[in-house]
K.L.:
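Take this structure first; my questions come after.
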Amino acid sequence: MSTRLLVRRAVSTTFVLLGAAIVLLPFVWMLSVSLKPADEIFTREIAFLPTRFEWSNYVEAFTAVDLTRYLMNGVVVCVGILVFQILLAVPCAYALTQRRFRARTLVFGMVLAGLLVPYHVTAIPIFLGLAQLRLLDTYTALILPFVASVFGMFLFRQFFAQIPSDLFEAARVDGLSETAIVWRIAFPLAWPAATAFAVFSVTAHWNDLFWPLIATSDRALATPPRGIVYFNDQESGSDVGPLMAAAAVVTAPLVIGFLLAQRAFTQGLAAGGLKG
Amino acid sequence: MMALREVTRRFGETAVLHGISLEVAEGSFTSLLGPSGCGKSTTLRIMAGLDRPTTGRVLMDGRDVAELTPAERNVAMVFQSYALYPHLTVAQNIALPLAMRRMSRLERLPGLDRLLPSARAKRADQARRVASIAEMLGIEDLLQRKPGQLSGGQKQRVAVGRALVRDPSIFLLDEPLSNLDATLRVQMRAELAALHRRTEKSFVYVTHDQVEAMSMSDRVAVVLGGRIAQVGAPRDLYERPENRAVAAFIGAQPINLLDVAFAPGESSGPFAALAPRTASTTPLPARATVGIRPEHLVPAPGGAVRARLEAVEYLGAEVLLHLRADDGQALRALAPGDYAPPAPGSEIALAFEPRHVHVFDATSGARLALGLERAAA
């Protein structure tokens, strides 16, 4: 290997490591604090490793509040949202690419326009609507507002647009109905896009604090981030050690999930024509 | 039997088909032959039910099928791109049309197909059918592979298998051999012809390659500019082209088409020594286009056609001669491979048989019932 190449690699590796360090620092700090005894958390020195590991923070996280329940709520809400989003977005995207109908361009334009609207803007009308329907403080209130994902429609549309239409015509000749084509041909082919979409969707809704704060007040319906907030409400003041332990527990499933789906995720984004 | 009656198709402002009428007889191998963009694929898609005619009717066994889906028409189609489902194995690809036709919605549900006895029996029956088709096409070893792991020829066979499996009423093939290399194409041509003989079904074969059309079909429809220019047996198209366009399109070597004046005293050019011969009493046109294929124009001492040699192409079995007549019109002639051409610039006499001459109307291009013979000098 020539020296030039070696230097170039060393430089680029350094930058990647530096970037990774900046991104990872809060996580490392979270883990570090979650393992520190209370008296070591607020000190003048910066120490990543605690003098002794305070595992009781984790025990406290699960006992002080009902963290298990919050995690379960998170799973119910995220899976519910994802299933409905895919049930709606995949057929919509298929129709937008493979069916010819009047106003198709207009509908796609509306999908694109929908991408530009932050959901905080629609939060109040949706809140009022749910209140009218007496659905506040239910799982429905947490799931229903997100079932139609314009981002999902867009991502799947970009993916389906690249599949040669011969394939769908062959399926029609083979006797598949349009619904069967969507679920037996188009959806399996869009697996990388679906994985990418699932990562986006689950991350967004698992981490969402805004909507659960608005739509629910019942503790039994709290999602993980909503649950972590309860550590601040405790009369004992903010209990930082257990708080960080709970945060680590809440973050872990996402990190593990992403690592498992990493390959399909990047593939789906590349195929969808989106640059990360 | 499938028939098209005055079928037109427009895409917005552009008319692609101008009144196509065609009958595909039961058990025939009919080719739609034409250059790219002539509308032959659109015609096939209308037959399949993947596209609808703007006007006109599509009949199957005398019944109007305009509203029926491809599956209801029970057509099978082989696509140029093969269109195999990339996520299914070869066996699943071939079995899919069977599953869609013969199994109920419930029996098709993943998982449930293993539990329901009726579904199990049907799956077993399908597996047997897939196996017998795979054996017929010589792809038994590939059944568990995915399409991505197959070569072009293997994909082609799988696509044919998928078309075969459900016993369709008609096979529609859209340029199925154009993505194969030359050797494989010749081999698949023979296999498709054999398949047609064995199944005794109607085949409609779309191609731009006249060798494919001529060698496999019993009937060829030449499609030019969204119209059927001529329908007939391959031999008819070659020996009796009904118009100038068909004559120009058919033939390995492009036909010589020359302007000829018939009026007395005006005749000049390579055919000056020839006079029209007609059986009917209709008056002779003043001018006409005479067509003669290079392979029917051979150097012979004392031949009636005289032209100057310009260039020679040695092709092995034959020698292609590029010639120019006195009046400046270019001519091509094919001589046998052992012909020793004279030096360029020298004059050659060429002979032909009267039955190989085609005379077309100078303006409309339609075939005229005229022959040419050596004028009694």
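Treat the numbers as computed from the prediction; the structure is a model and nothing was measured. Lettering follows sequence order; numbering is per chain, from 1. No hydrogens, no waters, no symmetry mates; every other heavy atom, side chains included, goes into these values.
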K.L.:
Taking all atoms of both residues into account, what is the closest heavy-atom pair of B/V75 and A/V173, and its distance?
P.N.:
O-CG1, 3.4 Å
K.L.:
Within a reach of under 6.0 Å around CZ of A/F84, are more than 12 heavy atoms found that belong to other residues, nucleotides or ligands?
P.N.:
no
K.L.:
Between B/L84 and chain A, which part of the residue has a heavy atom less than 4.5 Å away: side chain, backbone, both or neither?
P.N.:
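It is the backbone, since no side chain atom gets that close.
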K.L.:
For the atom pair CG (A/D174) and OH (B/Y85), what is the distance rounded to the nearest 0.5 Å?
P.N.:
3.5 Å
K.L.:
With a sphere of 6.0 Å drawn around OH of A/Y119, does it hold more than 12 non-hydrogen atoms of other residues, nucleotides or ligands?
P.N.:
yes
K.L.:
Looking at every heavy atom in both B/S81 and A/D166, which two are closest together, and how far apart are they?
P.N.:
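It is OG-OD2, 2.5 Å.
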K.L.:
Around atom CZ of A/F101, are there more than 12 heavy atoms of other residues, nucleotides or ligands at under 6.0 Å?
P.N.:
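Above 12, so yes.
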K.L.:
Can you establish whether the number of heavy atoms outside B/R198 located under 6.0 Å from its atom CZ is more than 12?
P.N.:
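Atom CZ in B/R198 is packed in, count exceeds 12.
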K.L.:
For a 4.5 angstrom cut-off between non-hydrogen side-chain atoms, does B/T69 reach A/R172?
P.N.:
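Counting from C-beta outward, B/T69 and A/R172 never come under 4.5 Å.
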K.L.:
Is it the case that the side chain of B/H87 and the backbone of A/R184 share a donor-acceptor pair, with hydrogens and angles ignored and the cut-off at 3.5 Å?
P.N.:
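Between the backbone of A/R184 and the side chain of B/H87 there is a qualifying donor-acceptor contact (under 3.5 Å).
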K.L.:
Side chain, backbone, both or neither: which part of A/A171 has a heavy atom under 4.5 Å from chain B?
P.N.:
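For A/A171, heavy atoms of backbone and side chain both lie under 4.5 Å from chain B.
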K.L.:
Is there a side-chain contact between A/P188 and B/L88 in this structure, where contact means two heavy atoms from C-beta onward sitting under 4.5 Å apart?
P.N.:
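No, their side chains stay 4.5 Å or more apart.
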K.L.:
Please identify, among B/P97, B/A71, B/A163, the residue contributing the most non-hydrogen atom pairs under 4.5 Å to chain A.
P.N.:
B/P97
K.L.:
At a 4.5 Å cut-off on heavy atoms, which part of B/R73 comes close to chain A: side chain, backbone, both, or neither?
P.N.:
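Contact with chain A: none, neither part.
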K.L.:
Is the closest side-chain heavy-atom distance between A/E169 and B/M77 below 4.5 Å?
P.N.:
no
K.L.:
Mind ranking A/G175, A/P164, A/A170, A/A180 by heavy-atom pairs under 4.5 Å with chain B and telling me who comes out on top?
P.N.:
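Most pairs with chain B among the choices: A/A170.
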